[in-house]
Protein chains: 2
Amino acid sequence: MMLSYTEENYLKALLKLSFQNEDKPEAGTNEMAAYLGVKPATATDMLKKLKEKNLVSYQKYGKILLTDIGRKSGIAILRKHRLWETFLYEKLDFSWDEVHEVAEQLEHIQSAKLVDKLEEFLDFPEFDPHGDPIPKANGEMPVITKTLLSELKNGDVCKVAAIKDTSTLFLQYLEKLHITIGTNLSVIEVIAFDGSLNIQIEDADPRSVSMKFAESLFVQR
Amino acid sequence: MMLSYTEENYLKALLKLSFQNEDKPEAGTNEMAAYLGVKPATATDMLKKLKEKNLVSYQKYGKILLTDIGRKSGIAILRKHRLWETFLYEKLDFSWDEVHEVAEQLEHIQSAKLVDKLEEFLDFPEFDPHGDPIPKANGEMPVITKTLLSELKNGDVCKVAAIKDTSTLFLQYLEKLHITIGTNLSVIEVIAFDGSLNIQIEDADPRSVSMKFAESLFVQR
DNA sequence: AATATTTGTTAGATTACCCTAACTTTATTA
DNA sequence: TAATAAAGTTAGGGTAATCTAACAAATATT
């Protein structure tokens with residue numbers, strides 16, 4: 001099915017929201033509108049169109065749910081997005097915080113061959129530069145058990161697995177700390193007072209990070 | 001200046017037409033509309049908009065001419081188009097006739113950094129897979145003296161420099177003949193009767209090609 | 001439970017790009 | 001040069017995506 005640039009963005013947004021809302025994969029109109037930076041009225045209009053095309057299922061005043069087709073389309077876009085991010089980061093030396101904006105545009109290029117060739121060119125990466133899993137051509141996604149850094153205890157060691165907060169400010173801060181996907185961390189001490197942590201980043205001198213920081217980083221034990 | 005997808009296509013079309021019309025760099029409304037696959041009325045509308053933005057100069061019922069800014073913008077798009085074609089051809093194993101369609105989409109991605117990094121990644125190519133010159137970041141374009149194969153005489157030798165007719169059918173025919181940019185040709189005999197030529201392609205057995213063929217291929221002596 | 005708040009929808013307008021049909025201007029040719 | 005043909009423009013309309021303002025439904029609060 002031929003989707004417009006905008007329709008694709010709505011599907012991707014719904015998919016992303018379904019990831020965020022853990023247990024329940026539905027979203028609300030306002031939530032969706034806010035995510036996309038449009039007014040709720042606009043989202044309602046588009047929802048009707050997507051429903052017409054059988055990409056979402058919802059009743060007036062009810063929750064929005066992706067249909068199977070809608071979900072598949074969304075995953076296809078996410079796949080493109082993450083492959084392009086990987087390309088920009090690995091081949092064109094883009095920094096962590098620059099890849100997203102450009103990938104937002106590249107993800108809409110229509111060419112099945114392009115996506116598959118790109119994946120091959122990148123040697124079938126499993127994760128993008130932010131540590132998020134890249135869906136395969138068949139829609140499958142590698143799953144890893146991610147823990148928030150803030151859930152660890154004194155003495156725990158871990159490896160950075162993914163970034164929860166992908167804001168530019170956070171990404172730039174990580175860069176300054178030389179933290180990247182795969183970096184080894186060990187928790188020296190959790191400070192009960194404010195939830196901050198003393199951690200060691202690879203072999204560097206220990207340093208303190210805030211609770212907010214620890215809640216923005218996924219790690220793997 | 002921020003240009004829409006469509007505005008960019010109009011500028012590129014005007015630039016391409018100015019190349020085609022050799023001596024005079026203007027175009028007509030119908031010519032332009034035909035090139036872009038829209039109706040003349042639509043082209044007139046867009047022309048008003050482009051004039052408003054100072055990208056073209058023209059008077060009602062007069063010829064259309066790109067302004068300096070319009071020309072520069074057009075060249076920037078052409079640069080992206082040809083760099084992407086080169087990427088697809090060299091890095092992703094796309095065939096000659098497949099690159100154009102995808103590059104038509106990729107050329108509209110907005111990111112100065114992307115273009116320049118891509119150029120670097122490709123090692124500053126001077127020509128695209130069709131042999132057309134790739135504009136530099138400053139707008140300069142390498143120039144080569146191209147001759148049509150049909151202008152050669154008995155015994156002349158040459159190297160394929162560029163493709164004039166970039167239709168899929170022609171590109172596929174070239175592929176079948178193992179002709180690519182840089183292939184050496186020698187003209188064994190020009191047949192006066194119908195303008196066809198007996199040529200030798202590299203070390204292969206001589207074969208005949210039509211006048212139409214010879215008029216679709218640029219060579220370098 | 002009645003009221004207030006939040007959430008979602010409808011109606012009507014706007015902008016960009018495209019169309020057809022009718023018209024005007026410019027170019028060609030008999 | 002007058003008639004015809006070609007090229008270009010205008011007027012009026014359609015669709016996609018957006019908005020604001022007003023309204024309706026669902027949820028939360030006292």
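Proteins come first, then strands; the chains are lettered A, B, ... in the order of their sequence lines, and each starts at number 1.
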Side chain of [X], heavy atoms from C-beta onward: which of [options] has the nearest atom to it?
X     : options               : answer
A:V38 : D:dC19, C:dT9, D:dT10 : D:dC19
B:K39 : C:dT20, D:dT20, D:dT9 : C:dT20
B:T6  : D:dG8, C:dC18, D:dC19 : C:dC18

Q: Please work out whether the ring planes of B:F87 and A:W84 are parallel, tilted or perpendicular, with thresholds of 30° and 60°.
A: tilted
Nearest-angstrom distance from the residue atom [atom1] of [X] to [atom2] of [N]:
X     : N      : atom1 : atom2 : answer
A:D45 : D:dT20 : CG    : P     : 13 Å
B:L47 : D:dA7  : CG    : P     : 16 Å
A:N30 : D:dA25 : CG    : P     : 17 Å
B:M46 : C:dC19 : CE    : P     : 11 Å
B:K48 : D:dT10 : NZ    : P     : 4 Å
A:Y5  : D:dT15 : OH    : P     : 25 Å
B:E7  : C:dC18 : CD    : P     : 10 Å
B:M32 : D:dT9  : CE    : C1'   : 14 Å

Select base, sugar-phosphate, or nothing to describe what [X] touches, counting heavy atoms under 4.0 Å on all strands.
X     : answer
B:Y10 : sugar-phosphate
A:T42 : base
B:T29 : sugar-phosphate
A:A41 : base

Q.
Between A:E107 and A:K12 (salt bridge meaning N to carboxylate O under 4.0 Å), is one present in this structure?
A. yes
Looking at [X], I'd like to know whether one of its side-chain N or O atoms comes within less than 4.0 Å of OP1 or OP2 on [N].
X     : N      : result
A:Y61 : D:dC23 : no
A:T44 : C:dT9  : yes
A:K60 : D:dA24 : no

Q. Do A:Q105 side-chain atoms and A:V102 backbone N/O form a donor-acceptor pair below 3.5 Å?
A. no
**Q.** Donor-acceptor side-chain pairing of B:H100 and B:H130 below 3.5 angstrom
**A.** no
Q) Would A:D128 and A:H81 count as having a side-chain donor-acceptor pair, cut-off 3.5 Å? A) no
